[in-house]
*Asks:* 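Supplied in structure tokens, the structure appears directly below.
Below, read A as the first sequence line, B as the second, and so on, with proteins coming before strands; counting in each chain starts at 1.
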Amino acid sequence: MKQIRAVVRKEWTDMLRNKLVFYVIVFVPLLMLAIPVVMLLVMRMAPVNPQDLEEMQGVLKNPIFAEMDSLEALQSVMASNMMVLFLMMPLMVPVTVASYSIVGEKVTRSLEPLLATPITTTRLLVAKGFAAAAPGIAMTWVCYALFLAAARLLAVSDRVFGVFVNPMWLVAMFVLAPLMTVMAVMVGVIVSSRVSDPRAAEQLGALILLPLMVLFIGAMSGFIMLNSATFWISSAIVAIADVALVYLGTALFQRETILTRWK
Amino acid sequence: MIRTEALCKTFQADKHEVKAVDGLNLDVNPGEVFGFLGPNGAGKTTTVRMLACLIAPSAGRAWVNGLEIGKSNLAIQASVGILTESPGLYERLSARYNLEIFAELYGVKDVKGQVEKYLRLLGLWDRRDAEAGTFSKGMKQKLAIARALLHEPPVVFLDEPTAALDPEAAKTVRDFIETLRGQGRTIFLCTHNLDEAERLCDRIGVFRQRLIAVDTPDALRRQLFGRQTVVSLTPMPEGAAQAEKLAGIVRRLPFVQHVTVLDDSMGSNTDTRGGYKLVISLDDPALRNPTIVQTLVAQGAQIRFVNELRHSLEDVYLSLMHNGAGPASKL
């Protein structure tokens with residue numbers, strides 16, 4: 001436990017001093033938060049365009065939006081579509097952190113002294129994984145809390161605000177987001193142990209956003225109905241993928257390969 | 001303290017196998033400073049990595065501190081300190097914090113106390129809160145040495161500890177290695193610096209994929225070049241002929257193996273320039289030199305100096321690299 005704590009403490013201190021990583025952790029989520037907040041504000045102030053409502057007929061079939069008037073429905077739908085941003089937040093941060101955490105150490109040659117200490121690979125990966133995941137999850141929850149505070153002020157009715165704290169959002173934020181973060185971290189670890197440039201690791205790791213984009217484009221076009229069941233099912237799939245990735249990541253994190261291939 | 005039996009390491013490179021270490025048999029005694037010499041790419045770092053349990057041997061066995069590699073890796077890692085080729089510090093973190101992290105990873109009980117002890121010992125205490133990235137090469141190397149010693153390991157691996165350091169920083173590091181020897185630690189020193197090996201090491205192993213020779217520097221000299229006495233003579237009226245005549249007389253002495261005459265008229269040493277030197281190979285200079293001197297003086301020679309010819313470790317190293325081990329080398 002002492003070893004894990006030491007690595008986590010080191011990772012976080014290093015992270016805070018690495019401006020690039022720090023900006024990604026703090027400012028990118030805040031920028032992403034601004035989009036749904038501005039959306040709520042615009043929806044509240046701008047008159048409803050009947051053509052918009054017509055285009056959203058597929059999405060409005062979702063029972064979540066039943067019994068809402070057109071303004072409520074439009075505001076709820078538009079803001080709900082922005083949930084993808086909240087699910088992207090915990091992915092972007094850990095991919096960046098995990099990429100720098102291992103490839104960065106390869107580049108600065110600090111990985112060899114670290115691997116020479118009596119720390120097991122599992123403990124090292126748990127420590128690096130936790131250090132990469134926790135800030136992403138924390139920032140996501142902070143942004144969600146800020147979003148709820150903004151929604152309290154900007155939602156046109158309690159029914160609209162209720163959409164953002166319904167089981168679908170809660171499952172997405174508190175079950176799916178952490179599970180996806182674990183996935184992002186493990187992808188970061190796997191990619192990191194195979195490449196020798198942090199930027200390459202980061203870019204490859206960012207591919208993890210693709211399934212999320214598919215889910216939300218499907219939802220926006222009405223092909224996929226987003227509700228708590230969808231998110232529970234997605235969470236189950238991601239959980240299974242996580243287990244597989246943890247095994248794969250641990251297996252691929254071969255100290256010898258990492259040490260001898262970092263020419 | 002360190003023992004290897006037919007230790008091998010093979011790497012895959014471009015679809016064929018490359019043997020980095022090929023059947024290394026070695027015994028390093030407790031409290032010994034052992035110099036591991038070899039050219040670039042000889043497999044020195046690979047050997048250290050195997051002994052520090054960073055990479056696994058392809059074949060053979062090895063023990064460090066009585067623990068077998070592959071069976072007690074974490075225990076071995078807890079009992080050895082390693083200075084890697086590059087310091088590998090966390091450059092954005094302070095010197096103190098760099099050490100604290102490793103003290104915790106090694107399970108040191110008094111983290112703050114140990115960190116302070118080594119920062120003070122290596123003269124870094126005043127810069128303890130400065131970022132390691134702002135340090136000079138020498139200071140970084142000292143910090144990396146401190147990191148390797150925090151947990152007071154009985155075995156220390158030092159991979160090129162003075163490479164790329166200026167003479168003053170290199171001296172500080174060498175002095176510190178002397179201190180470690182005084183503490184009874186076993187030190188496995190990989191180096192290219194033959195002068196450093198000569199000064200610090202009790203024994204040296206010359207290595208290129210295989211161990212070519214291992215012994216004390218003096219024993220290797222004796223094995224390769226025998227023992228030689230140099231007698232410097234004052235300039236003589238008959239010059240070379242007279243020097244050759246004296247050499248012939250010395251050659252007839254029963255214990256003398258070989259005599260060479262050197263014309264020192266253009267020598268670099270102003271004390272002996274102008275005369276001749278007799279380089280005499282013999283079994284025991286301490287016992288035989290008085291007889292040689294008596295014989296020469298009796299023949300009218302005037303002797304300026306009598307010295308033992310001491311080949312440099314560079315001569316030993318180059319001879320071993322080019323000609324391999326002599327028959328007397330201990331393998």
*Asks:* For Ile82(B), is it the side chain, the backbone, both or neither that has a heavy atom under 4.5 Å from a heavy atom of chain A?
*Replies:* side chain
*Asks:* Between atom CE of Met50(B) and atom CD of Glu256(A), what is the distance when rounded to the nearest 0.5 Å?
*Replies:*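 So the gap between those two atoms works out to 9.5 Å.
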*Asks:* So which bits of residues 114-129 of chain A come within less than 4.5 Å of chain B, counting non-hydrogen atoms only?
*Replies:*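 Near chain B, by residue number: Leu114(A), Leu115(A), Ala116(A), Thr117(A), Pro118(A), Ile119(A), Thr120(A).
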*Asks:* Around Tyr247(A), counting heavy atoms of other residues, nucleotides and ligands shown, do more than 12 lie under 6.0 Å from its OH?
*Replies:* no
*Asks:* Please report the shortest heavy-atom distance between Arg17(A) and Arg92(B), naming the atom on each side.
*Replies:* NH1-O, 2.9 Å
*Asks:* In terms of heavy-atom pairs under 4.5 Å with chain B, which of Gln3(A), Lys2(A), Arg9(A) leads?
*Replies:*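 Heavy-atom pairs under 4.5 Å are most numerous for Arg9(A).
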*Asks:* Sort by residue number and list every residue of residues 30-38 of chain A having at least one heavy atom under 4.5 Å from chain B.
*Replies:* none
*Asks:* Crowded around Trp232(A) CH2? As in, over 12 foreign heavy atoms under 6.0 Å?
*Replies:*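 No, because the 6.0 Å sphere around CH2 of Trp232(A) holds 12 heavy atoms or fewer from other groups.
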*Asks:* Relative to chain A, which segment of Ala103(B) carries a heavy atom at a distance below 4.5 Å: side chain, backbone, both, or neither?
*Replies:*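 Neither part; nothing is under 4.5 Å.
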*Asks:* Flag the one option from Phe11(B), Tyr90(B), Phe102(B) with the top tally of heavy-atom pairs under 4.5 Å to chain A.
*Replies:* Tyr90(B)
*Asks:* If you compare all heavy atoms of Pro87(B) against all heavy atoms of Pro113(A), which two are closest, and at what distance to 0.1 Å?
*Replies:* O-CG, 4.1 Å
*Asks:* Is there a side-chain contact between Glu112(A) and Glu85(B), using heavy atoms and a 4.5 Å cut-off?
*Replies:*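 They are not in side-chain contact.
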*Asks:* So, do Glu104(B) and Lys10(A) sit near enough that their side-chain heavy atoms are less than 4.5 Å apart?
*Replies:* no
*Asks:* I need the residue from Ala52(B), Ala56(B), Cys53(B) with the largest number of non-hydrogen atom pairs under 4.5 Å to chain A.
*Replies:*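 Option with the top pair count is Ala56(B).
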*Asks:* Could you tell me which of Glu91(B), Glu100(B), Arg147(B) has the largest number of non-hydrogen atom pairs under 4.5 Å with chain A?
*Replies:* Arg147(B)
